[in-house]
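Only this structure's heavy atoms are used, side chains among them; waters, hydrogens and symmetry mates stay out. In what follows, residues are counted from 1 in the order of the sequence shown.
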Amino acid sequence: MEIAPPTNEVVETGSGCGILPSVVVWFCGYDDEFEQGGDEDAEPVEGDALDDREEDDEDDGMSTLGGEFLCNDCCFNILREAEDVLDEDDYELLRDNNINYRPKESKKFKRLKKAQRDENQYGFSEEEFDGSGKGGRTAEETVERTLFDGAAPLEDIAEEEEPMEEEEEDGDIGEEDEMADFIVDEEVDEHGAPMRRKKAKRKKSRQASGVSSSALQEAHEIFGDVDELLQLRKQGLDSSEWRERRLEDEFEPIILSEKYMTEKDDQIRMTDVPERMQVSEESTGSPPTDEFSVVEESSWIHNQLLTGTMPLFGQSGAGSPKEGQDLSINRDDIMRFLDLLHVQKLDISFIAMYRREECLSLLKDPGKQEEEDENKDEFEKTPTLKWHKVLWAIQDLDRKWLLLQKRKTALESYYKKRFEDSQLIYEKTAERRALDEQLFDSIFKSLKAAESEREVDDVDSKFNLHFPPGEVGVDEGQYKRPKRKSLYSICSKAGLWDVASKFGYSSEQLGLQLSLEKMGDELEDAKETPEEMALNFTCAMFETPQAVLKGARHMAAVEISCEPCVRKYVRSIFMDNAVVSTSPTPDGNASIDSFHQFAGVKWLRDKPLRGFEDAQWLLIQKAEEEKLLQVTFKLPDDSLNKLTSDCNEHYLSDGVSKSAQLWNEQRKLILQDALFGFLLPSMEKEARSLMSSRAKNWLLMEYGKALWDKVSVGPYQRKDNDITSDDEAAPRVMACCWGPGKPATTFVMLDSSGEVIDVLYTGSLTLRSQNINDQQRKKNDQQRVLKFMTDHQPHVVVLGAVNLSCTLLKDDIYEIIFKMVEENPRDVGHEMDELSIVYGDESLSRLYENSRISSDQLPGQSGIVKRAVALGRYLQNPLAMVATLCGPGREILSWKLNLLESFLTPDEKYGMIEQVMVDVTNQVGLDINLAVSHEWLFAPLQFISGLGPRKAASLQRSLVRAGAIFTRKDFVTTHGLGKKVFVNAVGFLRVRRSGLAASSSQFIDLLDDTRIHPESYGLAQELAKEVYNRDVEADTNDDEDALEMAIEHVRDRPELLRTYLLDRHIKEKKRENKRETLYIIRRELIQGFQDWRKQYKEPSQDEEFYMISGETEDTLAEGRIVQATVRRVQGQRAVCVLESGLTGMLMKEDYSDDWRDISELSDRLREGDILTCKIKSIMKNRYQVFLVSREGEMKNNRYQHVQDLDPYYHEDRSNRQSEQEKARKEKELAKKHFKPRMIVHPRFQNITADEAMELLSDKDPGESIIRPSSRGPSYLTLTLKVYDGVYAHKDIVEGGKEHKDITSLLRIGKTLKIGEDTFEDLDEVMDRYVDPLVAHLKTMLNYRGRNDYRNGGGRDGHPSGLPRPYGGRGRGRGSYNNRGSDRQDSSYDTPKWDSGTKSGDDGFGSFPDSGWGGGGSKKESDNGWSGGGGWLLALLSLSAFVF
């Protein structure tokens, strides 16, 4: 049914309008269904009024409802009758049907009214509405008018359309199905409130001229509603607050933090203070800049440096007083440095380069001081990079000082509040209040005097002892957390503090006397005895005088142990004299051998705390945590006696009366409890913490040294002799990464800027097969590599060193180079004649391969290509390549630089990385224009002075947009650097003709391509002018052109500057305060940004060996025990392979102690056998090691030099291992050498021979287990229980195994062989071999005449007359590993029997490589079968013979 459109004509319906009651019922009941989707976009507020429609609509004579025509009068009558039933949703429905009715008392929807009243304020004119009052300009027309006619602004368009919504709905009535959208699903708006879905309708717009309505409708269906687009556009033009809020809504906080997109990051970017300085001040707060604070801090830092707190030397004397005394550090220089740092906001790199005159004593390298003293004319030497350790140490101490002062300030205010609260909460006597005030003043004074964190801790413990946290808030009805009450607080509340005060000197008085700050008055003893006095203080808690005295003594001892002066005195004695001893636990004794990580600290005896100079304590701490070492701290007897006597001297009285002696006895007990119960144990904890801190500081310096050695190396130097000084292009590098096939060996060609030119995959270049097809594929790959190198003409080839295959690959590449030079000499440049192939370490390259930054820089490239690119770039620019991995992901932390770096936290390591990178980057400089063209060269920008990751990223974006920079001034004017940041950074940013600026004709100042700071350009021009005038003997003007000409003149003739007497110039111009700066200016005018890094050196033979093998000097050394797999057995030697891939040679004379009895090694060894050997010698040039496995040599400890590692190493020889420990060690060694197999079968278990016999010990005879063999992965062993205590071991030889890798070897073979019988699998072995054998065994065990056999006849005879299968006396002997280290299940040798035994005898025992063993000890087994096993052996042998 269609709904008729509204009309102004009145339809006659006769009497009334003909409304049926059902219509009224439908209308009144509609509310229940409709309110589910009611429009509640704006929740009505009580008192709002509903606005009417336009007056035109009210004049309509008829309205429609559900297809029926209603006159308004009738509708009003209906509504009046239903007035008590209808609510606002019904009125809304009426308005949708053009029935305008205003409820008399309705005061809702005030906001809707306001919105309609203001509909004309958005730019609509009256002529934009048609005669019916509907639809003005549509959204599409509005966009068209905005874009082409310049009408209403875009941000207002969405608002213009909102008032039209209802009118446009009216225009669509009659075009939809009558029940369209009648049932609606509940939806919610953006605030979560339910909202009614609008009717589905077509947008009705005025038809544009020449455009049909169908065309407009089709466009609308294709492109959608433009209103939504305009609304989004309007939201996008909102304020920046919306953008920031949306970022936080869309992304996780950690992502925003990694990308430096938080509000804090924006603030750091905008603030004109060096970034690293801002980050540091977030935790320390703004440093005080008044003179008193600077003087106080400089004195504290100077004292810390003199006492050796910071390990400046690294290797020697870290933490020793002698170290600090060798430093000629001036305290005034520290004051000036702090002023430059805090007041002028200058970074360390800037101070070290451009404020040298103000802190000369801080610029000396402590490790090279003597060398500098010998060569005082520093400027005549070739400059080198300097690690400004002293400046960094002072900055670190400055941070600690600021944090210390911040903590002290916070504690002062906290103590005041706590003291006031305690006075208010607790009711105290006047005497107690006076004592508390005295204590508080003393604590406050001690806090101000504290100069270290430990001293502040002492003060804090004293305060918490005397003023425990009050129970504030209990009276207000809050819950109180239950607290453990200390014995001290119990005694104090019982009033025993009064007793404790009568013992004599207070803890504070004792501390002052011990520190010699104040001599106490003579102590007067009470006339009454301690017990008589204590009798007055007995109570329910302390019922006897002895209990009272015990509690009071405890209080006095605790107070003494918490007194800062006492702790400081005891601490000084303990730290100077305490010694440490270590001894292994039983587990440690078994685990720590001569090559173990803890071998050097296994037996330390009385080593002083000051003697721990390196990271040795960290190893001790780790070994103690792993329960391998026991560590004891001890104060030597003389020091302990001195400490005790000093305390007694100042705490006991000199009285001789009986009462005085009794009081002194109490005082001695107090001191005994204080020293041994509290002070010395707490000092041990402090000593542990202090030594950990020292060891970490030393380790950090070693970590920094390793990184410094990596990044302070210059690029690979081209061997061309025709390179001019201006041509600083890096070499063209061909990087090669070996691949096993998937991926293939890959060659990547990089231009001089590190960009990828070409990539070549060679899957067959490393083939070693003699197959014709393989040889042809290899030849094809060689031709491709030949063409690749001929086309690109590299200056150097770098080959990633990962395994021994790389040595063969290097030979292949050399072969290609020789062939190229011989066959095409004209096509090959002269630089290819001496083309070098150098090995490169792939450790950093693999980090880059798996980093996020590599995916951004090399999108779409495979992993091996990324690795090769990093390998080549590291050769071109090590600093930039390392800096690339210092981004938000901090992949650089995974670069292994020190064996002990696991003891350092990631933040500690990155702090040191940042320190080293800042020093190197600023001394090397950064070519800005080159970096603009090549993104990866921008990586070091974050380490430039004044910048950081946030400011550097912002500057990089600005520079990339500009394309090039032509003067340093543009950093401020164009690229937004603040003045302070600009001053810090500009001297290290190089502006020259490179990148896009190389082709520009725009003028570039020559001084912008030097390390000369713009503030010193005047000095440089003055010096150049003087040199120029002396050379041309004429005076030049001071205009810019003349000065530029003078600078060009001296740059072209550097010998003029070298011979110029600079000292005389300084004296004439009175520039004594700029002496250091002028020397830098002269050096830079001679050659700007000369590379101060060490020259690249190709890896040495040892370095190549360790790179290729993957080993280190610690993991591969003579005497090391290793496992080797036999690959080939020759007559007098066996060729083995180690786990690292190195080739091991085992000669016959080194195999066994009885090697003379061995005719061929192949009799004992087979391919796949795994041996435990010791390294005899190493041939690094051939990548081979010689091995020895003789038992005598394996037990020899001649390679053990533990005693030489530490002068305090003394092994306790009296502490011998017990027999049980030895047995346990042998068992663990057997387990260590045990290789589990990848076999799944019910009868198979991965256990050793001993474990198999133990498992079968409680089983019935005939039970069996198949297990791995000690002969190697090509064998299995069947262990069968013959009788109690008697077991048989039978070898199963595996065949058809692949020898690709260790995994293939550990799988079961395709064929199994026992003697001459071959089986397909273990099931067949059990069915055809084991089950029949067990059946015969059980039959013979059940033979009724066995007792006659055991008792009848001689040992050499047999009642039945059958000969013994073994001949002679019939006592066979099982075989054992000839090393004797532990019992093995089967022998490497053929079985050895008594003299009467023949190898060709039949029977089970005569099978090849079979062994028999009893359950007894090895000794019993060697002598024969124990008990009555001999007859069983004979029976079983007979059974096997018959079978």
Side-chain angles (χ1 to χ4, degrees), residues 315 584 588-604 614-616 618-619 622-623 628 699 702 705-706 709 801-804 806-807 839 841 843 896-902 1099-1126 1133-1147 1149-1151 1170-1207 1209 1211 1225 1229 1232-1233 1379 1381:
Q315 283 284 0
N589 220 354
S591 302
I592 303 175
D593 59 10
S594 58
F595 289 96
H596 196 278
Q597 185 183 26
F598 305 141
V601 296
K602 185 178 181 180
W603 296 98
L604 293 181
D614 50 18
Q616 194 180 52
L618 296 177
L619 294 175
K622 182 179 179 183
L628 298 178
L699 184 56
E702 292 302 302
K705 280 183 179 180
D709 293 338
V802 288
N803 53 38
L804 281 175
C806 297
T807 59
Y839 283 118
D841 186 3
S843 57
K896 300 301 179 185
L897 299 174
N898 191 287
L899 290 175
L900 302 178
E901 67 178 59
S902 58
S1100 64
Q1101 184 178 356
D1102 286 359
E1103 290 171 339
E1104 288 183 0
F1105 174 80
Y1106 288 120
M1107 272 197 295
I1108 288 175
S1109 65
E1111 303 281 359
T1112 65
E1113 294 181 4
D1114 296 319
T1115 60
L1116 190 73
E1118 293 182 2
R1120 271 275 186 190
I1121 295 178
V1122 295
Q1123 285 193 335
T1125 303
V1126 178
R1133 66 176 186 176
V1135 180
C1136 309
V1137 62
L1138 273 59
E1139 293 178 351
S1140 60
L1142 294 176
T1143 302
M1145 306 300 296
L1146 179 63
M1147 311 306 291
E1149 58 269 20
D1150 293 325
Y1151 170 67
I1170 298 177
L1171 305 177
T1172 300
C1173 308
K1174 183 177 286 188
I1175 296 177
K1176 184 178 179 182
S1177 61
I1178 303 174
M1179 295 185 64
K1180 295 179 180 177
N1181 59 334
R1182 301 179 63 180
Y1183 300 97
Q1184 285 184 352
V1185 294
F1186 284 88
L1187 306 173
V1188 58
S1189 63
R1190 292 200 311 267
E1191 180 180 353
E1193 194 66 36
M1194 295 291 286
K1195 292 182 177 180
N1196 189 358
N1197 289 330
R1198 63 175 176 169
Y1199 297 101
Q1200 185 171 359
H1201 302 293
V1202 174
Q1203 289 82 352
D1204 301 332
L1205 294 179
D1206 196 299
Y1209 187 95
E1211 184 173 354
K1225 184 175 181 180
L1229 189 63
K1232 183 178 179 182
H1233 297 161
R1379 301 176 197 173
S1381 58

Inset, instruction - Let me see the working for Asp1114 and Thr1112 under side chain to side chain donor-acceptor pair (under 3.5 Å), right down to the final yes or no. - result: CA-CA 5 Å; Asp1114 296 319; Thr1112 65; 4.6 Å; no
Legend entry - Check against side-chain contact (heavy atoms from CB on, under 4.5 Å), Leu900 and Gln597: CA-CA 10 Å; Leu900 302 178; Gln597 185 183 26; 3.7 Å; yes
Inset, instruction - Could you check Gln616 against Val601 for side-chain contact (heavy atoms from CB on, under 4.5 Å), going step by step and ending with a plain yes or no? - result: CA-CA 7 Å; Gln616 194 180 52; Val601 296; 3.3 Å; yes
Inset, instruction - Walk me through it: do Met1179 and Phe1186 pass the test side-chain contact (heavy atoms from CB on, under 4.5 Å)? - result: CA-CA 8 Å; Met1179 295 185 64; Phe1186 284 88; 3.2 Å; yes
Inset, instruction - Under the side-chain contact (heavy atoms from CB on, under 4.5 Å) rule, what do Ser1177 and Glu1118 come out as? Steps first, then yes or no, please. - result: CA-CA 6 Å; Ser1177 61; Glu1118 293 182 2; 4.2 Å; yes
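Going from atom OG of Ser1140 over to atom CG of Leu804 covers 7.5 Å, rounded to the nearest 0.5 Å. With values rounded to the nearest 0.5 angstrom, Tyr839 atom OH is found 8.5 Å from Met1107 atom CE. The line from CG of Leu628 to NZ of Lys622 is 10.0 Å long, rounded to the nearest 0.5 Å. Here the CG atom belonging to Leu1187 is positioned 6.0 Å from the CG atom belonging to Leu1146, to the nearest 0.5 angstrom. Atom-to-atom distance recorded for Arg1120:CZ and Thr1115:OG1 is 7.0 Å, nearest 0.5 angstrom. Rounding to the nearest 0.5 angstrom, the gap separating the SG atom in Cys1136 from the CD1 atom in Ile1170 is 11.0 Å.
Two residues are said to be in side-chain contact when any heavy atoms from C-beta on lie closer than 4.5 Å; Tyr1183 and Thr807 meet this criterion. Put simply, the side chain of Ile1178 does not reach to within 4.5 Å of the side chain of Leu1142, judged on heavy atoms. Leu1116 is listed as a side-chain neighbour of Ile1175, based on a closest heavy-atom distance under 4.5 Å.
Across all non-hydrogen atoms, the minimal contact from Cys1173 to Ser1189 is SG-CB, 4.0 Å. Considering every non-hydrogen atom in both Arg1190 and Glu1149, the closest pair reads NH1-O, 3.0 Å.
Listed for the Glu901 side chain is a donor-acceptor partner under 3.5 Å among the backbone atoms of Leu897. No donor-acceptor pair under 3.5 Å is formed between the side chain of Arg1182 and the backbone N or O of Thr1143.
No side-chain N or O of Lys602 forms a donor-acceptor pair with one of Tyr1209 less than 3.5 Å apart. There is no side-chain donor-acceptor pair under 3.5 Å between Asp1102 and Ser1100.
Between Asp1150 and the choices Arg1133, Lys1176, Lys1174, the side chain to side chain donor-acceptor pair (under 3.5 Å) rule is met once, by Lys1176.
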